[in-house]
Amino acid sequence: MKQNKFIRFIKSIPTKIWVVLGAVVAIFFFLNDFDLVDIQKTAIILAAGIDRKEDGYTLTAQIAVPKGVDRTTGGTSSVNFIAEGETIADCVSDIYCKTGWVPKFVFCNLIVLGEDTVKENVFDALDFFLRNEYMSDGCYVAMSEGSAEDLLTSTSAIADTTSQAIAKLFSDANVNSGKTMKMSLREFAIGYHGVTKSGYMPFIRQHEQESSENGGGGGGQQQGGGSGQEEEKIYCAERTALFYEGRQVALLDPEETFAFSMLEGKLFNGYLLTEEKGKPVSLTVLDDKGSVSLDTKGAPKVTVKVDLTVRLYNRSIPAEMEDVARNEVTDELKENAKKYVEELTQRVFEKSRESGCDLFKLNQSLYRSSVKKYDEWKDTLLSVVPTTYEITIKTAK
C-alpha cells in the first residue's frame with residue numbers, strides 16, 4: 001500500500017520539474033572537477049631530492065611529463081626542477097613561482113637525501129613531507145652517494161625516469177634476495193620518534209653504463225650528440241645507511257646488508273657464498289628464520305639466531321654427473337657457511353652497537369617488557385648487553 005502511494009506521488013510531479021532537475025544535475029556534473037588534477041596547471045612530482053646548504057636547502061623535484069599520445073611515443077618522461085629556499089616549503093613555493101605549476105606530491109614515491117643532508121638531523125627536512133596531507137607516508141626514503149641533485153638529474157639506462165629505475169631496486173624479489181633493504185617514510189619516522197631513536201635506509205650509488213661504442217657490454221646508449229653526449233647510469237642499493245637521532249652514524253657494506261636481511265628473516269631465494277676445498281660454492285637459501293631477541297629476566301641479554309635451509313646451487317669448478325645428480329651439501333660446506341654467517345652477523349651487531357643505532361629495536365623490547373628496567377638500562381643497553389650467537393645451516397629434505 002505504501003509503495004503504491006509513493007508511485008502515485010512520483011507520477012503526480014509535473015514533467016517540467018523533472019526536466020529542470022535533470023538540467024541542474026547535468027550542469028553540476030559537467031562544471032565540477034571533483035577535485036581532479038588539472039594536468040595543465042599541475043606539477044606531478046615523482047621524486048624529491050634534498051641537499052643541505054649553509055642557509056637552507058636545495059630541492060630537486062622530478063616532474064612527470066607525458067612523452068606522447070601514440071603507442072610508439074607514449075609513456076612518462078620527466079624534467080628536473082632545482083629550487084632553493086630556507087625551508088622545504090620555501091623551495092616548493094619557488095617551483096610554483098617560477099613555473100606557474102602547482103606542485104603535487106600525491107604521486108611522489110621516493111625521497112632522496114644527499115650526503116650533506118644526513119650529517120645533521122634529517123627530520124628538519126622531512127618535516128614538510130610528514131605534514132603534507134597529500135603525501136603518501138608509504139613512499140621510499142633513501143640516501144644517495146654524493147648529492148641528491150646529481151642522482152636524480154642523471155640519465156637512467158633502464159627506465160624513462162631516474163625514480164622509476166631506483167624504485168625497481170626495491171622490488172620484492174630484490175629485497176628477498178638480501179641485496180637491498182627498503183624503507184618507507186612512515187617506518188623511518190616511527191623509529192626516530194620511538195624509544196630506539198634509530199632507523200636505516202638504502203644507500204644509492206650510481207655507475208656509468210658504457211655503450212657498445214666505448215667497448216662496454218652494449219646495454220647502454222648515449223643521449224644527444226657530439227660533445228654534449230650524456231652517459232647513462234645504472235643504480236645499486238647494496239649498502240645500508242644506519243641512523244641515530246636522525247643523523248647517519250654508520251654504513252653497512254653489501255655483505256653486512258645481506259646479513260641484516262638474514263637477521264630480519266626476510267631472505268628467500270638469496271644466494272649464500274661459501275667454499276669447499278678452497279673453491280667458491282653458492283648455496284640457495286630456501287628458508288630463513290632469523291631473529292634478534294632480548295631476554296629481560298634478570299640482567300638483559302641478547303640472543304642472535306639464524307636458522308637457514310639451503311640447497312646447492314652452483315660450483316665454481318667442473319663437477320661429475322653423479323655430483324650434479326646428488327646435489328649434496330656436504331658437512332664441510334655447511335660448516336663453512338655457518339662460520340661465514342656467524343662472522344657476518346657479528347659484524348652487523350657490533351656495528352650497530354658501536355654506532356649507537358639500535359638496529360634491532362632492543363630498547364623497544366625492553367620498554368615494552370618493563371618501563372622500570374628501561375629507565376635503568378636505556379643509556380647503556382647497546383654497549384654492555386652480552387650477546388650469544390646461534391647459527392644453524394641445514395638442507396631441505
- Applying the 4.5 Å side-chain criterion to the ILVMFWY set and letting contacts propagate, would Ile63 and Ile82 be lumped into a single cluster? no
- Hey, are the side chains of Arg247 and Glu120 touching, using non-hydrogen atoms and a 4.5 Å cut-off? no
- Report yes if the side chains of Phe268 and Val285 come closer than 4.5 Å at any heavy-atom pair, otherwise no. no
- Item | Closest approach of Ala189 to Leu130 (non-hydrogen atoms, all atoms of both residues) | CB-CD2, 4.0 Å
- Query: Would you say Val348 and Val306 are hydrophobically clustered, going by side-chain heavy atoms of ILVMFWY under 4.5 Å?
  - Reply: yes
- Item | Pair Glu145 + Arg239, salt bridge at N-O below 4.0 Å | no
- Closest non-hydrogen atoms of Thr162 and Leu152, given as atom of the first, atom of the second and distance, are OG1-O, 3.2 Å
- Message: Looking at Lys53, I'd like to know if its NZ atom is crowded, meaning that more than 12 non-hydrogen atoms belonging to other residues, nucleotides or ligands lie closer than 6.0 Å.
- Response: yes
- Task: Give a yes or no on whether a salt bridge exists between Lys289 and Asp287, defined as a side-chain N under 4.0 angstrom from a carboxylate O.
- Result: yes
- Item | Close side-chain approach of Ile44 and Trp101, heavy atoms under 4.5 Å | no
- Query: Are Tyr340 and Glu255 close enough that a side-chain donor and a side-chain acceptor fall under 3.5 Å?
  - Reply: yes
- Task: Report the C-alpha distance between Thr388 and Val304 in whole Å, list the side-chain angles of each, state the deciding distance to 0.1 Å, and finish with yes or no for side chain to side chain contact (heavy atoms under 4.5 Å, CB included).
- Result: CA-CA 6 Å; Thr388 302; Val304 176; over 6 Å; no
- Message: With a 6.0 Å cut-off (strictly less than), is the heavy-atom count around NZ of Lys168, excluding the residue itself, greater than 12?
- Response: no
- Task: Check Asp124 against Arg52 and note the closest heavy-atom contact, atom names and distance.
- Result: OD2-NH1, 2.7 Å
- Could you tell me whether the side chain of Lys351 and the main chain of Leu251 form a donor-acceptor pair under 3.5 Å? yes
- Message: Test of understanding: clusters of I, L, V, M, F, W, Y form through side-chain heavy atoms closer than 4.5 Å, transitively. Do Leu263 and Leu381 belong to the same one?
- Response: yes
- Message: Run the side chain to side chain contact (heavy atoms under 4.5 Å, CB included) test on Lys334 and Asp331 for me, step by step, so that the C-alpha distance in whole Å, both residues' side-chain angles and the decisive distance to 0.1 Å come before the verdict.
- Response: CA-CA 5 Å; Lys334 287 187 283 188; Asp331 290 339; 3.7 Å; yes
- Do you know the tightest heavy-atom contact between Ala259 and Thr345? CB-N, 4.2 Å
- Query: Judged by atom type as modelled, is there a donor-acceptor pair below 3.5 Å linking the side chain of Asp358 to the main-chain atoms of Thr196?
  - Reply: no
- Query: Counting N and O atoms only, with roles assigned by atom type, does the side chain of Thr392 sit under 3.5 Å from a partner on the main chain of Asp307, one being a donor and the other an acceptor?
  - Reply: no
- Message: Taking OH in Tyr367 as the centre, count heavy atoms belonging to other residues, nucleotides or ligands within less than 6.0 Å. Is the count above 12?
- Response: no
- Query: Counting heavy atoms not belonging to Glu390, are there more than 12 under 6.0 Å from its CD?
  - Reply: yes
- Heavy atoms, side chains only, cut-off 4.5 Å: are Ser147 and Glu115 in contact? no
- For Arg186 and Ser136, does a side-chain donor sit closer than 3.5 Å to a side-chain acceptor? no
- Message: Membership question, hydrophobic clusters at under 4.5 Å side-chain separation (ILVMFWY): are Tyr235 and Ile158 in the same one?
- Response: no
- All heavy atoms of Thr180 vs all of Pro202, minimum pair found to be OG1-CB, 4.1 Å
- Item | Value rounded to 0.5 Å, distance of OG in Ser261 from CG in Leu252 | 11.5 Å
- Item | NZ or CZ of Lys104 within 45° of Tyr134 ring axis and under 6.0 Å | yes
- Query: Can you check whether Arg347's main-chain N or O pairs, donor with acceptor, with Glu350's side chain at less than 3.5 Å?
  - Reply: no
- Item | Lys/Arg N to Asp/Glu carboxylate O, Asp295 vs Lys301, below 4.0 Å | yes
- Query: Can you tell if the side chain of Leu286 reaches within under 4.5 Å of the side chain of Thr284, non-hydrogen atoms only?
  - Reply: yes
- Query: Does the gap between the ring centers of Tyr192 and Tyr244 come in under 6.0 Å?
  - Reply: no
- Are Ile50 and Ile88 side-chain neighbours, meaning at least one heavy-atom pair lies under 4.5 Å? yes
- Query: Which atom names give the shortest non-hydrogen contact between Ala148 and Leu113, and what distance separates them?
  - Reply: CB-C, 4.3 Å
- Message: Same cluster or not: Ile166 versus Val79, using hydrophobic residues (I, L, V, M, F, W, Y) connected whenever any side-chain heavy atoms lie under 4.5 Å apart?
- Response: no
- Inspect the contact between Lys339 and Glu342 and indicate whether a charged nitrogen and a carboxylate oxygen are less than 4.0 angstrom apart. no
- Check for a donor-acceptor pair, side chain of Thr99 on one end and backbone N or O of Ile95 on the other, with a separation under 3.5 Å. yes
- Is the number of heavy atoms from other residues, nucleotides or ligands within 6.0 Å of NZ (Lys373) greater than 12? yes
- Item | Close side-chain approach of Phe349 and Val292, heavy atoms under 4.5 Å | yes
- Item | Side-chain heavy-atom pair Met201, Lys182 within 4.5 angstrom cut-off | no
- Item | Pair Phe243 + Phe188: ring centers closer than 6.0 Å | yes
- Task: Kindly indicate, with the supporting measurements, whether the criterion side chain to side chain contact (heavy atoms under 4.5 Å, CB included) is fulfilled by Met143 and Val118.
- Result: CA-CA 8 Å; Met143 175 186 166; Val118 301; 3.7 Å; yes
- Item | Working for side-chain hydrogen bond (donor to acceptor under 3.5 Å, both in side chains), residues Asp90 and Tyr57 | CA-CA 9 Å; Asp90 195 23; Tyr57 307 91; over 6 Å; no
- Query: Between Asn176 and Asp172, is there a donor-acceptor pair closer than 3.5 Å when you use the side chain of the first and the backbone of the second?
  - Reply: yes
- Is there a salt bridge (Lys or Arg N to Asp or Glu O under 4.0 Å) between Asp116 and Lys119 once you walk through the steps? CA-CA 6 Å; Asp116 288 339; Lys119 292 178 180 178; 3.3 Å; yes
- Task: Would you please indicate yes or no on a ring centroid separation below 6.0 angstrom for Phe123 and His193?
- Result: yes
- Item | Residues Glu276, Thr330; criterion side-chain hydrogen bond (donor to acceptor under 3.5 Å, both in side chains); working and verdict | CA-CA 9 Å; Glu276 185 179 42; Thr330 64; 2.5 Å; yes
- Message: What's the separation between atom CG in Leu169 and atom SG in Cys236, rounded to the nearest 0.5 Å?
- Response: 7.5 Å
- Message: Test side-chain hydrogen bond (donor to acceptor under 3.5 Å, both in side chains) on Gln248 and Tyr200; report intermediate values, then the result.
- Response: CA-CA 8 Å; Gln248 193 224 349; Tyr200 64 89; over 6 Å; no
- Message: If I take atom CG from residue Leu242 and atom SG from residue Cys357, how far apart are they, to the nearest 0.5 angstrom?
- Response: 4.5 Å
- Task: To the nearest 0.5 angstrom, please state how far the OG atom of Ser291 sits from the NZ atom of Lys305.
- Result: 6.0 Å
- Check step by step if side chain to side chain contact (heavy atoms under 4.5 Å, CB included) holds for Tyr140 and Val112. CA-CA 8 Å; Tyr140 298 127; Val112 179; over 6 Å; no
- Using 4.0 Å as the upper bound for N to carboxylate O, is an ion pair formed by Glu208 and Lys233? yes
- Test side-chain hydrogen bond (donor to acceptor under 3.5 Å, both in side chains) applied to Ser163 and Gln62, step by step: CA-CA 8 Å; Ser163 58; Gln62 190 161 94; 3.0 Å; yes
